[in-house]
**Student:** 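Please see the structure below; I have some questions.
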Amino acid sequence: MQKQSLQQEKSIVLIGFMGVGKTTVGQRLADQLKRTFVDIDEEIEKEFGMPPSDIFKVHGEKAFRQKEKELIERYSRKSNKVLSLGGGAFLQTEVRDVCLENCLVVFLSLSWEQWQERVSLIIDSRPVLQGKSEEEMEQLYHDRQKIYGSHHIEVETDNKSVDDVAEEVIHKFTKM
Ligand SMILES: Nc1ncnc2c1ncn2[C@@H]1O[C@H](COP(=O)(O)OP(=O)(O)O)[C@@H](O)[C@H]1O
Ligand SMILES: O=C(O)C1=C[C@@H](OP(=O)(O)O)[C@@H](O)[C@H](O)C1
Ligand SMILES: [Mg+2]
């Protein structure tokens with residue numbers, strides 16, 4: 001039942017702003033669906049042998065984005081996976097197109113107010129947020145919502161636990 005409605009076992013791709021829970025929810029979803037979990041940031045980190053903040057410093061954002069695109073193009077063509085993208089991945093048209101074509105794209109949304117409560121958990125490890133004022137972060141948050149408009153389903157995550165979010169993703173798919 002669940003398998004059938006999970007759309008021919010297409011891979012699930014999680015998108016959304018930094019800190020909304022793509023990595024955490026993705027791992028939970030993969031456990032529940034018995035699928036392989038791939039966190040694209042983790043794969044990029046393995047390739048460069050350093051975390052994203054160091055990649056940005058040493059190689060530059062362009063090199064990070066190039067590798068991000070290559071890896072997403074490769075993994076999104078495989079079936080039966082759960083892929084968590086980085087929040088900037090959908091800035092690249094090629095990434096959006098390949099994911100929308102081959103996968104089920106799930107946008108995890110979180111209000112600006114609740115994001116502000118979570119930012120302290122992520123700020124040190126997200127190079128894109130470094131040195132930004134609160135106003136600049138809010139601007140980035142709003143600008144980025146436009147790129148997340150390309151998706152198959154949205155799950156609002158305000159006031160929801162990781163389990164709640166994972167459950168809702170599965171529920172929405174089983175109704176597709
Ligand atoms: N639904 C949630 N409720 C509370 N905290 C969460 C939730 N989802 C994720 N978090 C926490 O927010 C932080 C960022 O989560 P993460 O999965 O790394 O986000 P992303 O991959 O979207 O950047 C982590 O500390 C994580 O434990
Ligand atoms: O939004 C972005 O530009 C980025 C988001 C990060 O991933 P998360 O969305 O998992 O934090 C990571 O890919 C990198 O720091 C850049
Ligand atoms: Mg992540």
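All of these numbers come straight from a predicted model, not from anything done at the bench. Start at 1 and go down the list; that is how both ligands and their atoms are numbered.
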**Student:** Nearest 0.5 Å please: distance from the CG atom of Asp39 over to the CD atom of Glu43.
**Tutor:**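 Asp39 atom CG to Glu43 atom CD measures 8.0 Å (nearest 0.5 Å).
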
**Student:** In this structure, does ligand 1 have an atom that sits under 4.0 Å from one of the heavy atoms of Val162?
**Tutor:**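 Yes, Val162 has a heavy atom closer than 4.0 Å to ligand 1.
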
**Student:** In terms of atom number and element, which parts of ligand 2 are under 4.0 angstrom from non-hydrogen atoms of Arg144?
**Tutor:**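 Numbered from 1, ligand 2 contributes 1 (O), 2 (C), 3 (O).
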
**Student:** Can you list the atoms of ligand 2 that are under 4.0 Å from a heavy atom of Asp41?
**Tutor:**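 Those of ligand 2 that fall under 4.0 Å from Asp41 are 6 (C), 7 (O), 8 (P), 10 (O), 12 (C), 13 (O).
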
**Student:** State, yes or no, whether a side-chain contact exists between Asp163 and Gln32 at a heavy-atom distance under 4.5 Å.
**Tutor:**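 In short, these two side chains touch, coming nearer than 4.5 Å.
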
**Student:** Please say which of Ile12, Thr36, Val13 ends up in a side chain to side chain contact (heavy atoms under 4.5 Å, CB included) with Lys81.
**Tutor:**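 Checked Ile12, Thr36, Val13 against Lys81; only one passes side chain to side chain contact (heavy atoms under 4.5 Å, CB included): Thr36.
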
**Student:** Closest by any non-hydrogen atom to atom 11 (O) of ligand 2: pick that one out of Arg126, Glu61, Glu68, Lys22.
**Tutor:**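 It is Arg126 whose heavy atom sits nearest to atom 11 (O) of ligand 2.
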
**Student:** Considering heavy atoms of the protein only, find what lies nearest to atom 2 (C) of ligand 2 and give residue, atom and distance to 0.1 Å.
**Tutor:**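 So the nearest neighbour among protein heavy atoms is Gly88 N, 3.3 Å.
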
**Student:** I would like to know whether Glu134 and Gln116 meet side-chain hydrogen bond (donor to acceptor under 3.5 Å, both in side chains); could you show each step before the answer?
**Tutor:** CA-CA 9 Å; Glu134 199 178 310; Gln116 281 174 295; 2.7 Å; yes

**Student:** Tell me whether Gly21 has any N or O atom under 3.5 angstrom from an N or O of ligand 1.
**Tutor:**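 N/O-N/O distance below 3.5 Å exists for this pair.
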
**Student:** Where the side chain of Ser11 meets the backbone of Ser76, is there a donor-acceptor pair that is under 3.5 Å apart?
**Tutor:**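 It does not hold such a pair.
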
**Student:** Using a cut-off of 6.0 Å, state whether more than 12 heavy atoms not belonging to Lys132 lie near its atom NZ.
**Tutor:**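 Atom NZ in Lys132 is crowded, with more than 12 foreign heavy atoms closer than 6.0 Å.
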
**Student:** Quick check on Arg65 - does any of its heavy atoms sit under 4.0 Å from an atom of ligand 2?
**Tutor:**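 For ligand 2, residue contact (heavy atoms, under 4.0 Å) with Arg65 is present.
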
**Student:** Among protein heavy atoms, which sits nearest to atom 4 (C) of ligand 1, and what does the distance come to when rounded to 0.1 Å?
**Tutor:**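 Looking at atom 4 (C) of ligand 1, the protein heavy atom closest to it is Arg118 NH2, 3.7 Å.
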
**Student:** Name the one of Gln114, Glu156, Glu154, His151 that satisfies side chain to side chain donor-acceptor pair (under 3.5 Å) with Ser109?
**Tutor:**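 The passing option is Glu154.
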
**Student:** Does some non-hydrogen atom of Ser161 fall short of 4.0 Å from ligand 1?
**Tutor:**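 Yes.
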
**Student:** Evaluate Thr157 for polar contact with ligand 1, using N/O atom pairs at a separation under 3.5 Å.
**Tutor:**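 Among all N and O atoms of Thr157, none is under 3.5 Å from an N or O of ligand 1.
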
**Student:** Would you say Asp158's side chain and Ser111's backbone share a donor-acceptor pair under 3.5 angstrom?
**Tutor:**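 Pair found, side chain donor or acceptor close to backbone of Ser111.
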
**Student:** Looking at Arg28 and Asp31, is there a salt bridge between them, counting it only when a charged N and a carboxylate O are closer than 4.0 Å?
**Tutor:**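 A salt bridge is absent here (no side-chain N lies under 4.0 Å from a carboxylate O).
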
**Student:** When you measure from atom 25 (O) of ligand 1 to every protein heavy atom, which one gives the shortest distance, and what is it?
**Tutor:**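 I find the closest protein heavy atom is Leu121 CD1, 3.7 Å.
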
**Student:** Charged N to carboxylate O below 4.0 Å: is that the case for Arg77 and Glu73?
**Tutor:**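 Salt bridge absent between Arg77 and Glu73.
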
**Student:** Taking 4.0 angstrom as the limit and counting only heavy atoms of Lys160, give me the atoms of ligand 1 inside it, by number and element.
**Tutor:**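 The atoms of ligand 1 under 4.0 Å from a heavy atom of Lys160 are 1 (N), 2 (C), 3 (N).
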
**Student:** Output yes when a side-chain donor or acceptor of Asp164 lies under 3.5 Å from a complementary backbone atom of Ser161, and no otherwise.
**Tutor:**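 Such a contact is found between Asp164 side chain and Ser161 backbone.
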
**Student:** Using a 4.0 Å cut-off to any heavy atom of Gly87, which atoms of ligand 2 qualify?
**Tutor:**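 Here the atoms of ligand 2 in question are 1 (O), 2 (C), 5 (C), 7 (O), 8 (P), 9 (O).
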
**Student:** Under 3.5 Å, is there a donor-acceptor pair between the side chain of Arg126 and the main chain of Met18?
**Tutor:**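 A pair under 3.5 Å: no.
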
**Student:** Is the centre of the His59 ring less than 6.0 Å from the centre of the Phe64 ring?
**Tutor:**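 No; Phe64 has its ring centre 6.0 Å or more from that of His59.
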
**Student:** For distances below 2.8 Å, what is the count of protein N, O or S atoms around the Mg ion (ligand 3)?
**Tutor:**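 Every protein N, O or S atom under 2.8 Å from the Mg ion (ligand 3) counted, the figure is 1.
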
**Student:** Any N or O on Val25 sitting closer than 3.5 Å to an N or O of ligand 1?
**Tutor:**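 In fact, backbone or side chain, Val25 has no N or O that close.
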
**Student:** For residues Phe90 and Tyr148, establish whether the separation of their ring centroids is below 6.0 Å.
**Tutor:**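 No, they do not, as the ring centres are separated by 6.0 Å or more.
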
**Student:** Check each atom of ligand 2 against the heavy atoms of Val128 and keep those under 4.0 Å away; list them by number with element.
**Tutor:**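 It comes down to these atoms of ligand 2: 2 (C), 3 (O), 16 (C).
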
**Student:** Would you mind listing which atoms of ligand 2 come within a distance below 4.0 Å of any non-hydrogen atom of Phe64?
**Tutor:**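 Listed by number with element, the hits are 13 (O), 14 (C).
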
**Student:** So Tyr141 and Phe17, would you call those rings parallel, tilted or perpendicular, with 30° and 60° as cut-offs?
**Tutor:**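 Rings of Tyr141 and Phe17: perpendicular, over 60°.
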
**Student:** Heavy-atom contacts under 4.0 Å between Ile122 and ligand 1: side chain, backbone, both, or neither?
**Tutor:**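 The side chain, only.
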
**Student:** Pull out every atom of ligand 1 sitting under 4.0 Å from any heavy atom of Thr24, numbered as shown with elements.
**Tutor:**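 Answer for ligand 1: 9 (C), 15 (O), 16 (P), 17 (O), 26 (C).
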
**Student:** Under 4.0 Å from a heavy atom of Pro127: give me the atoms of ligand 2 that qualify, with their elements.
**Tutor:**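 That gives atoms 15 (O) of ligand 2.
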
**Student:** Given 3.5 Å as the limit, does a donor-acceptor pair link the side chain of Trp115 with the main chain of Glu138, or not?
**Tutor:**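 Pair absent, no side-chain N/O of Trp115 close to backbone of Glu138.
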
**Student:** For atom 18 (O) of ligand 1, which candidate among Lys22, Gln114, Arg126, Gln27 holds the nearest heavy atom?
**Tutor:**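 Ranked by closest heavy atom to atom 18 (O) of ligand 1, first place is Arg126.
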
